Number of protein chains: 2
Amino acid sequence: MKALIVDDDRTLADLLAFTLRREGFEPHLAFDAPGAMKQFHKEPVDIVILDVNLSGGAGMENGFDICQAIRLESSVPIILLTVRDDEADIVKGLGLGADDYVHKPFSPRQLVARVNSLIRRSSMSTAPQEALYTCQDIQFDPNMREFVKGDQPPVLLTRLESRLLEYFMLNAGQVLPSENIIDNVWGPEGGSTEMLRQLVRRLRIKIEEDPQDPDWIKNLGGVGYGFNI
Amino acid sequence: MKALIVDDDRTLADLLAFTLRREGFEPHLAFDAPGAMKQFHKEPVDIVILDVNLSGGAGMENGFDICQAIRLESSVPIILLTVRDDEADIVKGLGLGADDYVHKPFSPRQLVARVNSLIRRSSMSTAPQEALYTCQDIQFDPNMREFVKGDQPPVLLTRLESRLLEYFMLNAGQVLPSENIIDNVWGPEGGSTEMLRQLVRRLRIKIEEDPQDPDWIKNLGGVGYGFNI
DNA sequence: GAATTCTGTCACAGAAATATCACAGGTCTG
DNA sequence: CAGACCTGTGATATTTCTGTGACAGAATTC
């Protein structure tokens, strides 16, 4: 998996490269718009991580230009990095073809979760029959409903457990309101918070090292659950 | 859930319709390319099941044309039906925007599984996250309900604290009458000045350097509170 | 048809969040 | 100066949320 990192802050770029390399990616770096496009043309990548606040070059909005340029040539997923909380920025970025955005400062863990999630999504449309979710050292095959952690023997999940985990992994690193989860597991009609609690409990028992102190499925009081936060 | 079935083999189309109807779908049938596009325009569907080997009409490759035409107009998931196991066919179909394919003969059960899987996927992708509030050296993520000051470790806020802070940061630099704040935190019905006082107190403890002499949340005698004044 | 697995429901306990009460000090006003 | 009012503070009830265990019917498998 090749990742193109575009950021004029070399420290941050290096940190990103380090993090992604540890996750098995092959990071390519660029520090300005020309460099980014050059790298991009040299070799196809699987994902682009783009800082919108590139200071060098033609202008403040350089990042958006790169986003647009890349999108015109390819459908590779693009993640924007931004410090600004300006709604307009986000809307603009998504309008120009970005697929997701992450605010600085971010935890490397969260970024990796987003990256994996996006790659999965983009690769699903081209290779539908072998959807396989991977996150750190766990792996999940929704077709077989088989969950594997590290080198431990695979665990079979039930139908509902599988749907819940798939939804979690597809939206890793985010807080998911209970209603959304319920809608996606049971559909808009069925389901209740009580059923969700029980399902989460059963899933935790199967995938967590210590269900009492879960690593993967965290609860956010009054809102819902989050995976890998 | 509406499904558009496009197949010139009426027996097979009926079987598909029967199967899907039993699964709770509302099947719409078309037997050739013009009929398919007409149906498609008449009413939006949730999934398209498309036989690539339509014999009638302009040519052998009719199915692909429909696939392309639909994909140009909509992102509705498309499943291709094919008897050929020719790799090239599959690649072509996926290249034209199909999301999955099933070989004939297939078990109705398998098809339904694929259909459900695709619908699930297409409806699962959650909209990317929302706002992040920044002010000087503090940052607040209302989604995670995480408050960060400088490089200190993040502080988790409760539901109400989060709503209050969000309202404050949204209206930073202004004097906010107590009634307005209460309306925004508890809604027009609930809430009282006493509850607001307590909430302000708890929030101050979490975000102020010195809660006794607050920097951020100031009180304006007899009126209400102001953030960052 | 029997056995097993899966799923929904209930009951309960501990924790967290929130509401309520009581009081002290300050400010303003008559 | 006395009293009303406002604000901050501490302590304490009450509610809500979450995890847990147990159990019965449904679904599935054998």
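Being a predicted model, the structure only gives us computed values, none of them experimental. Proteins get letters first, then strands, A, B, ... in listed order; numbering begins at 1 in each.
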Nearest to the side chain of A/Thr158 - C/dG8, D/dT18, C/dC6?
C/dC6
Of the listed C/dA19, C/dT18, C/dA11, the closest approach to the B/Met195 side chain comes from C/dA19
Nearest whole Å is fine: how far is [N] [atom2] from [X] [atom1]?
X: A/Leu156; N: C/dT7; atom1: CG; atom2: P; answer: 12 Å
X: B/Leu160; N: C/dA16; atom1: CG; atom2: C1'; answer: 12 Å
X: A/Glu194; N: C/dA11; atom1: CD; atom2: C1'; answer: 10 Å
X: A/Leu196; N: D/dT20; atom1: CG; atom2: C1'; answer: 15 Å
X: B/Leu157; N: C/dT18; atom1: CG; atom2: C1'; answer: 15 Å
X: A/Arg197; N: C/dT7; atom1: CZ; atom2: C1'; answer: 15 Å
X: B/Glu161; N: D/dT16; atom1: CD; atom2: P; answer: 18 Å
X: A/Arg159; N: D/dA26; atom1: CZ; atom2: P; answer: 16 Å

Has [X] got a side-chain atom pairing as donor or acceptor with [Y]'s backbone, closer than 3.5 angstrom?
X: A/Asn171; Y: A/Gln174; value: no
X: A/Glu208; Y: A/Ile217; value: yes
X: B/Lys149; Y: B/Pro154; value: no
X: B/Arg71; Y: B/Ala98; value: no
X: A/Thr19; Y: A/Leu15; value: yes

Quick one: bend of the helix from C/dG1-D/dC30 to C/dG30-D/dC1 from 5 pairs per end, to 10°?
30°
Pair B/Lys2 + B/Asp46: basic N to acidic O under 4.0 Å:
no
In terms of side-chain geometry, is the basic nitrogen of B/Arg145 or B/Glu161 positioned less than 4.0 Å from the acidic oxygen of its partner?
no
Are any of A/Tyr225's side-chain N or O atoms less than 4.0 Å away from OP1 or OP2 of D/dC17?
no
B/Trp186 or A/Ser192: which one's nearest nucleotide on DNA chain C is closer to the 5' end?
A/Ser192
Atom pair CH2 (A/Trp216) and CZ (A/Phe168), whose distance is rounded to the nearest 0.5 Å:
12.5 Å
What's the spacing between B/Asn228 CG and B/Ile138 CD1 if we round to 0.5 Å?
7.0 Å
DNA chain C contacts among residues 198-218 of chain A, heavy-atom distance under 4.0 Å:
A/Gln198, A/Arg202
